[in-house]
> 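Following this message is one structure expressed as structure tokens.
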Amino acid sequence: MNALAAGSGVDARGLALAHEPLPAGEVLAGAPTTAVHELASLGGVEVGVWEMTPGTATDTESDEVFVVLSGRATISFASPGLPDLEVGPGSVVRLAEGMRTTWTVTETLRKVYVA
């Protein structure tokens, strides 16, 4: 499916996504895969759906806000003083460009992001 046309819609929870393995250097435990689908680009801002299967992996973040649709995870931050975040359906999270994170996904996590 391509990006959404103006006046159209999609069920982000049921959207079929094509998963790929994460680079081995990012995986700390398990064999997580990820998938992403861009829904729209609005004035240079991307809106899309992202999903990760269970496992633990590191990431360097983009500047984004996301809402978890389904699944569960803990996000740990390399920055001192930031507590771990437990996220699940309905969680809204703000990440900043360059943050180093570790994602421990216990139930396949699907989010809608704005970045």
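Everything numeric here is computed off the predicted structure, so don't read it as measured data. We're numbering straight along the sequence, starting at 1.
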> Report the residues that fulfil side chain to side chain contact (heavy atoms under 4.5 Å, CB included) with V36, sequence neighbours left out, ordered by chain and then residue number.
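By the side chain to side chain contact (heavy atoms under 4.5 Å, CB included) rule, V36 matches W50, Y113.
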> Please assess T56 against V105 for the test side-chain contact (heavy atoms from CB on, under 4.5 Å), listing each intermediate value before the final yes or no.
CA-CA 6 Å; T56 303; V105 174; over 6 Å; no
> Show the atom names and distances, to 0.1 Å, of all donor-acceptor pairs under 3.5 Å that link a side chain in residues 3-10 to residues at least two apart or in another chain.
residue, atom, partner, partner atom, Å
S8, OG, A5, N, 3.1
S8, OG, A5, O, 2.6

> Who passes side chain to side chain contact (heavy atoms under 4.5 Å, CB included) against V114, sequence neighbours left out?
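V114 satisfies side chain to side chain contact (heavy atoms under 4.5 Å, CB included) with V45, V47 only.
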> Apply side-chain hydrogen bond (donor to acceptor under 3.5 Å, both in side chains) to T74 and list each qualifying residue two or more places apart in sequence or on a separate chain.
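For T74 the side-chain hydrogen bond (donor to acceptor under 3.5 Å, both in side chains) partners, ignoring immediate neighbours, are E86.
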> Could you state whether V68 and L85 fall into the same hydrophobic cluster, counting links through intermediate Ile, Leu, Val, Met, Phe, Trp or Tyr residues with side-chain heavy atoms under 4.5 angstrom apart?
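Yes, V68 connects to L85 through the hydrophobic network.
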> So which pairs with a foot in residues 56-89 pass ring pair (Phe, Tyr, Trp, His ring centres under 6.0 Å), sequence neighbours left out?
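Those involving residues 56-89 are F66-W103.
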> Within the structure provided, determine whether V87 and I75 are in side-chain contact (heavy-atom separation under 4.5 Å).
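Result yes, sub-4.5 Å side-chain heavy-atom pair found.
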> Are the side chains of T108 and P54 in touch, meaning some heavy atoms are under 4.5 Å apart?
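A side-chain contact exists here, since the closest heavy-atom pair is under 4.5 Å.
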> Checking S76 now: which residues fulfil side-chain hydrogen bond (donor to acceptor under 3.5 Å, both in side chains) with it, not counting sequence neighbours?
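In terms of side-chain hydrogen bond (donor to acceptor under 3.5 Å, both in side chains), with neighbours along the sequence ignored, S76 is linked to D84.
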> In Å and rounded to the nearest 0.5 Å, what is the CG to OG1 distance from L109 to T104?
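So the gap between those two atoms works out to 11.5 Å.
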> Taking M52 as the starting point, is it possible to reach L95 by hopping between hydrophobic residues whose side chains are less than 4.5 Å apart?
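Hydrophobic grouping puts L95 with M52.
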> Check which hydrophobic residues are tied to V65 through side-chain heavy-atom contacts below 4.5 Å, counting indirect links as well, and list them.
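Hydrophobic cluster check, V65: joined to V67, V92.
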> Side-chain donor-acceptor pairs under 3.5 Å in residues 13-32, sequence neighbours left out?
residue, atom, partner, partner atom, Å
H19, ND1, T33, OG1, 2.8
H19, NE2, E51, OE1, 2.6

> Please identify each residue that fulfils side-chain hydrogen bond (donor to acceptor under 3.5 Å, both in side chains) with T60, with sequence neighbours left out.
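side-chain hydrogen bond (donor to acceptor under 3.5 Å, both in side chains) check on T60 returns R100.
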> With sequence neighbours left out, which residue pairs that include part of residues 53-80 fulfil the salt bridge (charged side-chain N to carboxylate O under 4.0 Å, His left out) condition?
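Qualifying pairs, neighbours excluded: D63-R94, E64-K111.
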